[in-house]
Amino acid sequence: MPLRPDHAGLLDRRGFLMGAAALVAGGPLGASDLRADPLAEGWLATAGMSEGFAAVGLDGTFAATTAAETATRLHGIEASPTGPLAVAVGRRPGQIALVFDRRKGGVVATLAPGAGRVFSGHGRFTADGRLFLTNEIERPGESAHVMGRGVVAVRVVDSGFAIVSEWPSGGDGPHDLMQSGAALVVANGGIEPNTPEARDAEVTGSGITLLDPASGAVRGAGRLPQDLASLSLRHLARDGSGGTVVAAQDLLKDGEARPLLFRIASDGALSAFDAPDTEWRALRGYVGSVAYDPSGRYVACASPRGNRVAVWQAEGRFVGAVPLSDGCGLAAGREAGTFLAASGYGEVILVSAGPEGVGIAARRTGGPRFDNHMVRIG
């Protein structure tokens, strides 16, 4: 059934779990070997299912196919740029990361964090697909306001994701990481809002660290001014040309209008995007996901608490917002100026942005309980 603008139809949630699939003996498949199906082209997302959680694929009509199931809630999801593997990392404090075959479906392996640590919810493949990097957090001590120091674990994919190097992340509570331009950018969130560590805290200790992607050496850093010290810097997006943004969540619930989206300069310095105070307040202090559109001219943020997806021009000018109840999963669409967003109520929308505003170009309902994150593949 073709998808029409703002069409509400049922998602096809075919049971596709293949069991403990293995890679072919010849090694990882190249991108040209992948079938044109929802596990090879389209989008990957995490979701809640009736009996647990899953990584799912979405095709061009936003129909969902289960790729791999687990009893553990998943958070960030990442596809290899050179083969069929993908990894979904457990939500902090995560004990497993799920490796699955996005071409065939099915779990290939589960990964554990390094000794004495937990996963933070995110990991990234390097551009050549050879390495997978995970942000990990040392188990905190007894202090009520300690999130735990951060470690970037460097894992070799062809060696069963074995850890071969460990680099300090440059701060406490690292959340997201990604290579953008010449740097590996790490968002050290510090104290995470709505956690036991956050009780009575007003300063997160958050910051951005730029690491050398080959050695882990620190190449730059950025912190917010004191009047924004309650913000936890958490999720990253890149435009493919060296542009990088980070979205924030606020420890405080005082109704103040604080910016929640920042551009990261090549030295790590942070500059806030612009929006009316009413728009910042509408996000309710919480951005759960951020993405660039395919052209790199627009940036969108999804707020499940604000029940909306807001869009800016990449240079920082606010464009507009559309409603999406409990919407968090967000990724680039296929065309310039478009984004795909998904909600915990099983709704998927195609957001279209232009110089004059933002609208919903297409809609589909009836899917699984889409969770925090989504990524475009193919």
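The first residue in the sequence is number 1, and the count goes up from there.
Checked against side chain to side chain donor-acceptor pair (under 3.5 Å), Glu166 has the following partners two or more places apart in sequence or in another chain: Arg117. A search for side chain to side chain contact (heavy atoms under 4.5 Å, CB included) contacts involving Ser180 returns Val185, Arg238, Thr244, not counting sequence neighbours. Partners of Ala182 according to the side chain to side chain contact (heavy atoms under 4.5 Å, CB included) rule, which considers only residues two or more places apart in sequence or in another chain, do not exist here. Taking Asp227 as the reference, nothing meets the salt bridge (Lys or Arg N to Asp or Glu O under 4.0 Å) condition, with sequence neighbours excluded. Applying the salt bridge (Lys or Arg N to Asp or Glu O under 4.0 Å) criterion to Arg263, with sequence neighbours excluded, gives no partner residue. Applying the side chain to side chain donor-acceptor pair (under 3.5 Å) criterion to Glu315, with sequence neighbours excluded, gives no partner residue. Among residues two or more places apart in sequence or in another chain, the side chain to side chain contact (heavy atoms under 4.5 Å, CB included) test is passed with Ser343 by Leu324, Tyr345, Glu347. Every salt bridge (Lys or Arg N to Asp or Glu O under 4.0 Å) that Asp176 has, sequence neighbours left out, goes to Arg124.
For the pair Phe53/Glu69, no side-chain contact is recorded, criterion being any heavy-atom separation below 4.5 Å from C-beta on. Put simply, the side chain of Thr65 does not reach to within 4.5 Å of the side chain of Asp59, judged on heavy atoms. Residues Val151 and Trp167 fail the side-chain proximity criterion, which asks for heavy atoms closer than 4.5 Å. Looking at Val152 and Thr134, their side chains never come closer than 4.5 Å, going by heavy atoms from C-beta outward. Inter-residue side-chain proximity for Arg91 and Leu74 is flagged as unmet; no heavy-atom pair is nearer than 4.5 Å. By the 4.5 Å heavy-atom criterion applied to side chains, Leu44 and Phe100 are counted as neighbours. Taking 4.5 Å as the limit, every side-chain heavy atom of Leu261 sits out of range of all side-chain heavy atoms of Phe318. The shortest side-chain heavy-atom distance between Val99 and Phe132 does not fall under the 4.5 Å cut-off.
Pairing each heavy atom of Thr204 with each of Leu231, the nearest pair is OG1-O, 2.7 Å. Smallest separation of non-hydrogen atoms from Gly173 and Met147: CA-CG, 3.5 Å. Closest heavy-atom contact between Ala198 and Ile191: CA-CG2, 3.6 Å. When all heavy atoms of Phe62 and Leu58 are compared, the closest pair comes out as O-CD2, 3.8 Å. Here the closest heavy-atom approach between residue Glu136 and residue Ala153 is recorded as OE2-CB, 3.4 Å. Of all the heavy atoms in Val309 and Ala341, the pair that sits closest is CG2-CB, 4.0 Å.
Looking only at distances, a side-chain donor or acceptor of Trp43 sits under 3.5 Å from a matching main-chain atom of Ala332. Under the 3.5 Å distance criterion, the side-chain polar atoms of Arg281 are matched with a main-chain donor or acceptor of Gly255. No donor-acceptor pair closer than 3.5 Å links the side chain of Thr46 to the backbone N or O of Ala55. Although no hydrogens or angles enter the test, the distance criterion places no donor-acceptor pair under 3.5 Å between the side chain of Asp277 and the main chain of Trp280. Side-chain N or O atoms of Asp274 include none that pairs as donor or acceptor with a backbone N or O of Gly316 at under 3.5 Å. In terms of modelled atom types and a separation under 3.5 Å, the side chain of Arg149 and the main chain of Gly170 share no donor-acceptor contact. With Arg258 contributing its side chain and Ser230 its backbone, the two residues share no donor-acceptor pair below 3.5 Å. Listed for the Trp312 side chain is no donor-acceptor partner under 3.5 Å among the backbone atoms of Phe273. Of the possible polar contacts, none joining the Ser352 side chain to the Gly359 backbone as a donor-acceptor pair under 3.5 Å is found. Side-chain N or O atoms of Ser232 include none that pairs as donor or acceptor with a backbone N or O of Glu192 at under 3.5 Å.
Leu330 is not connected to Val299 by any chain of hydrophobic side-chain contacts under 4.5 Å among Ile, Leu, Val, Met, Phe, Trp and Tyr, and they are in different clusters. Val164 and Phe119 are members of different hydrophobic clusters when ILVMFWY side chains are connected at heavy-atom separations under 4.5 Å. In the hydrophobic cluster analysis, where Ile, Leu, Val, Met, Phe, Trp and Tyr join through side-chain heavy atoms closer than 4.5 angstrom, Val87 is grouped apart from Leu184. The same ILVMFWY cluster, assembled from side-chain heavy atoms under 4.5 Å apart, contains both Leu131 and Val186. Tracing side-chain contacts under 4.5 Å through hydrophobic residues (I, L, V, M, F, W, Y), one reaches Leu233 starting from Met178; they form part of the same cluster.
Using a 4.0 Å cut-off between charged side-chain N and carboxylate O, Arg73 and Asp371 make a salt bridge.
For residues 230-259, the pairs satisfying ring pair (Phe, Tyr, Trp, His ring centres under 6.0 Å) are His75-His235, His122-His235, His175-His235, His235-His373, with sequence neighbours left out.
Residue Ile163 shares its hydrophobic cluster (ILVMFWY side chains chained together at separations under 4.5 Å) with no other residue.
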Going by atom type alone, with no hydrogens or angles, which donor-acceptor pairs under 3.5 Å involve a side-chain atom of residues 300-308 and a protein atom two or more places apart or on another chain?
| from | atom 1 | to | atom 2 | distance (Å) |
| --- | --- | --- | --- | --- |
| Ser303 | OG | Leu283 | O | 2.9 |
| Ser303 | OG | Tyr286 | O | 2.7 |
| Ser303 | OG | Gly306 | N | 2.9 |
| Asn307 | OD1 | Asp326 | N | 2.8 |
| Arg308 | NH2 | Glu279 | OE1 | 3.0 |

Please report, to 0.1 Å, the donor-acceptor pairs under 3.5 Å made by any side chain of residues 209-224, with sequence neighbours excluded.
| from | atom 1 | to | atom 2 | distance (Å) |
| --- | --- | --- | --- | --- |
| Thr209 | OG1 | Ser169 | O | 3.3 |
| Thr209 | OG1 | Asn188 | ND2 | 3.1 |
| Asp212 | OD1 | Ala214 | N | 2.7 |
| Asp212 | OD1 | Ser215 | N | 3.2 |
| Asp212 | OD2 | Arg219 | NE | 3.4 |
| Asp212 | OD2 | Arg219 | NH2 | 3.1 |
| Ser215 | OG | Ala217 | N | 3.2 |
| Arg223 | NH2 | Gly205 | O | 3.3 |
| Arg223 | NH2 | Ser206 | O | 3.3 |

Review point. What do the steps show when you test Gln95 against Thr72 for side-chain contact (heavy atoms from CB on, under 4.5 Å), and what is the final call?
Key: CA-CA 9 Å; Gln95 301 294 339; Thr72 301; over 6 Å; no
Practice item. Start with the C-alpha distance between Ile96 and Leu111, add both sets of side-chain angles, then the distance that settles side-chain contact (heavy atoms from CB on, under 4.5 Å), and finish with yes or no. Key: CA-CA 5 Å; Ile96 71 163; Leu111 310 178; over 6 Å; no
Practice item. Would you please test Val290 and Leu236 for side-chain contact (heavy atoms from CB on, under 4.5 Å) and show each step? Key: CA-CA 7 Å; Val290 61; Leu236 298 162; 5.7 Å; no
Check your understanding: Can you list the steps and then say if Leu270 with Val246 is a side-chain contact (heavy atoms from CB on, under 4.5 Å)?
Key -> CA-CA 9 Å; Leu270 297 161; Val246 61; 3.9 Å; yes
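Of the options Leu133, Val157, Thr82, a side chain to side chain contact (heavy atoms under 4.5 Å, CB included) to Phe125 is made by Val157 and by none of the others.
Interatomic distance, CD1 of Ile137 versus CG of Asn135, reported as 7.5 Å (0.5 Å rounding). Here CG of Leu98 is found 5.5 Å from OG1 of Thr70. Values are rounded to the nearest 0.5 Å.
Counting non-hydrogen atoms of neighbouring residues, nucleotides and ligands closer than 6.0 angstrom, the CD atom of Glu335 reaches no more than 12 such neighbours.
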